[in-house]
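Everything on this sheet refers to the single structure shown next.
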Amino acid sequence: MILVKEELIKEVIFKTSRSGGKGGQNVNKVSSKVELIFNVSNASFLSDEEKKLLQEKLANRLDTEGNLHIVSQEDRSQLLNKQRTVIKLMNLLTKSLQVQKKRKPTKIPKAVIEKRLTTKSITSSKKENRKKPGLD
């Protein structure tokens, strides 16, 4: 599934607030911290299977209403922080929608098994030779 930025922006809600950190007096008067709120179950561009997959994979990041919150306050600019939250959301969704291939167990080669057994026997004989003779 290919995510389109414009469709994604239509589905999200942005909240702004004052952020701490660098910025001097600018911090006290400008709301540069941006919180993006995305409801997975209400997304129109996602299929039902994709919504279910996202809700399973992002279960620990969703609140009680099923909203995903992403916060950015790294930059002094509200616009840059808004762009960062959208990028973070797109990365998170693409990463979560990827289905991992099932691992095929491979057969252990006979040479590897033989090598392990010989090293085991060598180690056990070393330890056996360390014992004092006559103590059984």
Side-chain angles (χ1 to χ4, degrees):
M1 192 216 131
I2 301 166
L3 291 173
V4 181
K5 196 174 185 179
E6 288 76 31
E7 288 180 5
L8 195 76
I9 292 174
K10 290 176 188 173
E11 300 283 334
V12 299
I13 301 166
F14 291 103
K15 284 187 180 177
T16 58
S17 60
R18 288 193 217 136
S19 79
K22 60 188 179 189
Q25 293 177 357
N26 190 46
V27 171
N28 301 327
K29 56 186 178 180
V30 178
S31 298
S32 60
K33 178 181 179 180
V34 176
E35 181 181 6
L36 178 143
I37 302 168
F38 174 68
N39 192 308
V40 177
S41 56
N42 293 343
S44 60
F45 60 90
L46 293 172
S47 68
D48 291 334
E49 298 90 41
E50 290 170 335
K51 288 177 187 178
K52 188 178 177 186
L53 184 66
L54 282 174
Q55 286 172 342
E56 286 174 13
K57 286 198 175 180
L58 301 174
N60 59 340
R61 295 194 64 170
L62 298 175
D63 63 7
T64 53
E65 289 104 41
N67 292 330
L68 177 68
H69 297 264
I70 296 175
V71 180
S72 178
Q73 60 181 5
E74 289 95 43
D75 291 302
R76 292 185 191 184
S77 163
Q78 187 184 98
L79 181 66
L80 287 173
N81 282 331
K82 208 176 244 189
Q83 290 171 347
R84 279 188 187 221
T85 55
V86 172
I87 290 168
K88 283 181 185 178
L89 177 65
M90 288 181 71
N91 291 339
L92 188 65
L93 291 179
T94 51
K95 192 173 143 187
S96 298
L97 287 173
Q98 286 177 347
V99 180
Q100 203 146 12
K101 282 193 267 181
K102 226 173 182 174
R103 182 188 168 274
K104 291 181 189 173
T106 56
K107 192 176 177 184
I108 301 169
K110 285 185 179 179
V112 173
I113 295 170
E114 288 174 19
K115 185 179 177 186
R116 182 176 55 86
L117 292 174
T118 54
T119 54
K120 269 178 84 170
S121 63
I122 290 168
T123 312
S124 69
S125 66
K126 273 186 204 174
K127 293 187 177 198
E128 192 67 36
N129 293 336
R130 288 182 194 153
K131 289 182 182 177
K132 291 182 181 177
L135 297 174
D136 289 309

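Quick note: numbers below take in every heavy atom, side chains included, and nothing from hydrogens, waters or symmetry partners.
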*Identify the heavy atoms of Leu53 and Leu97 that sit nearest to each other, and give their distance.*
CD2-O, 3.8 Å

*Going by the side-chain contact (heavy atoms from CB on, under 4.5 Å) test, name the single residue among Asn67, Leu62, Ile13 that passes it with Asn39.*
Asn67

_Donor-acceptor under 3.5 Å (Lys57 side chain, Gln98 main chain)_ = yes

*Donor-acceptor under 3.5 Å (Asn81 side chain, Val34 main chain)*: no

*Measure the CD-OG distance between Gln83 and Ser77 for me, rounded to the nearest 0.5 Å.*
7.5 Å

*Can you tell me how far CZ of Arg84 sits from CG of Leu79, rounded to the nearest 0.5 angstrom?*
12.0 Å

_Flag, side chain of Asp63 to backbone of Glu65, donor-acceptor distance under 3.5 Å_ = yes

_Hydrophobic cluster membership, Val12 vs Leu80, 4.5 Å side-chain cutoff_ = no

*Within the distance-only criterion (no hydrogens, no angle test), does the side chain of Lys33 pair as donor or acceptor with the backbone N or O of Gln73 below 3.5 angstrom?*
no

*Does Leu93 offer a backbone N or O that forms a donor-acceptor pair with the side chain of Ser96 under 3.5 Å?*
no

*asked:* Would you compute the distance between atom CD1 of Ile70 and atom CG of Leu89 and round it to the nearest 0.5 angstrom?
replied: 4.5 Å

_Membership question, hydrophobic clusters at under 4.5 Å side-chain separation (ILVMFWY): are Leu36 and Ile87 in the same one?_
no

*Under a 4.5 Å side-chain heavy-atom rule over Ile, Leu, Val, Met, Phe, Trp and Tyr, are Met90 and Phe14 clustered together?*
yes

*Taking atom CD1 of Ile108 as the centre, does the number of heavy atoms from other residues, nucleotides or ligands within less than 6.0 Å exceed 12?*
no

*To the nearest 0.5 Å, what is the distance between NZ (Lys51) and CZ (Phe45)?*
9.5 Å

_What I want to check is whether the side chains of Glu35 and Thr85 have a donor and an acceptor closer together than 3.5 Å._
no

*Do the side chain of Glu11 and the main chain of Leu8 share a donor and acceptor less than 3.5 angstrom apart?*
no

_Let's go through Leu68 and Ile37 carefully: what are the C-alpha distance in whole Å and the side-chain angles of both, what is the deciding distance for side-chain contact (heavy atoms from CB on, under 4.5 Å) to 0.1 Å, and is it a yes or a no?_
CA-CA 6 Å; Leu68 177 68; Ile37 302 168; over 6 Å; no

_Reported CD-to-OG distance for the pair Gln78 and Ser72, which is rounded to 0.5 angstrom_ = 11.0 Å

_I need the minimum non-hydrogen distance between Ser124 and Ser121, along with the two atoms involved._
OG-O, 2.9 Å

_Between Lys88 and Glu74 (salt bridge meaning N to carboxylate O under 4.0 Å), is one present in this structure?_
yes

